[in-house]
Peer 1: 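This is the structure I want to talk about, given as structure tokens.
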Amino acid sequence: MLGINKKTPNSDIYSIDNGQLFAQLTPEEGAVIEGGGFLLIEQLQAITADADTFGDDDTYITVNGSKIWGPNGFSTGQTFVVNRGLGVDLPARIELFDEDGFLNGPDDSLGGFTVFGATDGTARARVSGGGSTYDVYYRAFV
């Protein structure tokens with residue numbers, strides 16, 4: 001229960017303890033109050049992992065250009081639980097890359113997609129690029 005106390009018997013002024021006001025909010029609820037969104041990448045599945053000619057794809061994820069996960073080695077059929085979330089302004093751009101290292105040239109794009117609004121539960125987006133195809137499972141809250 002919030003600690004709400006009326007300051008005087010004859011006024012409509014209330015005092016709320018700020019620590020109690022936000023202590024019971026989830027990150028998703030907090031993002032809504034701030035006016036932004038919350039994006040959660042749940043898992044990543046390699047349908048085909050063929051972008052890296054020297055073995056497994058070294059896959060990482062960016063949101064609006066900032067790396068949020070990886071790199072992790074992927075072979076075809078492999079699934080990783082990501083469970084990384086962050087507050088974002090929607091629309092938000094999610095992209096996958098295969099890390100090549102500075103000696104092998106620029107990182108390979110594995111594709112991407114844009115999240116425009118809230119999802120109804122978990123959504124799946126299939127991305128392809130560089131010879132690889134991945135399914136990205138995510139949720140978005142606004």
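Not measured: the values here are computed from a predicted model. We count residues from 1, following the sequence as given.
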Peer 1: Is the closest side-chain heavy-atom distance between Y137 and Q45 below 4.5 Å?
Peer 2: yes

Peer 1: In Å, rounded to the nearest 0.5 Å, how long is the span from CD1 of I94 to OG1 of T62?
Peer 2: 9.0 Å

Peer 1: If you take all heavy atoms of S75 and A46, which pair is closest and at what distance?
Peer 2: O-CB, 3.5 Å

Peer 1: Answer yes or no: is there a side-chain heavy-atom contact under 4.5 Å between T76 and I47?
Peer 2: no

Peer 1: Treat each ILVMFWY residue as a node, draw an edge where side-chain heavy atoms are under 4.5 Å apart, and state whether Y60 and F113 are in one component.
Peer 2: no

Peer 1: Without swapping roles, check the side chain of D107 against the backbone of D100 for a donor-acceptor pair under 3.5 Å.
Peer 2: yes

Peer 1: Do the side chain of T48 and the main chain of S132 share a donor and acceptor less than 3.5 angstrom apart?
Peer 2: no

Peer 1: Any heavy-atom pair between the side chains of L90 and F116 that's under 4.5 Å?
Peer 2: no

Peer 1: Keeping the roles fixed (side chain from T133, backbone from S128), state whether a donor-acceptor pair exists under 3.5 Å.
Peer 2: no

Peer 1: Between E95 and K67, is there a side-chain N and carboxylate O pair less than 4.0 Å apart?
Peer 2: no

Peer 1: Quick check against the 3.5 Å criterion: does D58 have a side-chain atom that pairs as donor or acceptor with the backbone of G73?
Peer 2: no

Peer 1: Determine the minimum heavy-atom distance between N64 and A92, stating which atoms define it.
Peer 2: OD1-CA, 3.4 Å

Peer 1: So, do F38 and V88 sit near enough that their side-chain heavy atoms are less than 4.5 Å apart?
Peer 2: no

Peer 1: Just one of N72, T79, L96, V127 clears the side chain to side chain contact (heavy atoms under 4.5 Å, CB included) bar with L44, so which one?
Peer 2: L96

Peer 1: Whether the side chain of T119 engages the backbone of G121 through a donor-acceptor N/O pair (distance < 3.5 Å, no angle test) should be reported.
Peer 2: yes

Peer 1: Does E42 form a side chain to side chain contact (heavy atoms under 4.5 Å, CB included) with V81? I'd like the steps, not just the answer.
Peer 2: CA-CA 6 Å; E42 294 179 341; V81 174; over 6 Å; no

Peer 1: Is the backbone of I68 close enough, under 3.5 Å, to the side chain of R84 for a donor and an acceptor to pair up by distance?
Peer 2: yes

Peer 1: If we only count heavy atoms from C-beta on, is the R93 to V63 side-chain gap below 4.5 Å?
Peer 2: no

Peer 1: Let me check something: do I61 and Y138 share a hydrophobic cluster, defined by ILVMFWY side-chain heavy atoms less than 4.5 Å apart, either directly or through other members?
Peer 2: yes

Peer 1: Compare every heavy atom of V142 with every heavy atom of A118, then report the nearest pair and how far apart it is.
Peer 2: CB-CG2, 3.7 Å

Peer 1: Spell out, as yes or no, whether a donor-acceptor pair under 3.5 Å connects the side chain of D57 to the backbone of F74.
Peer 2: no

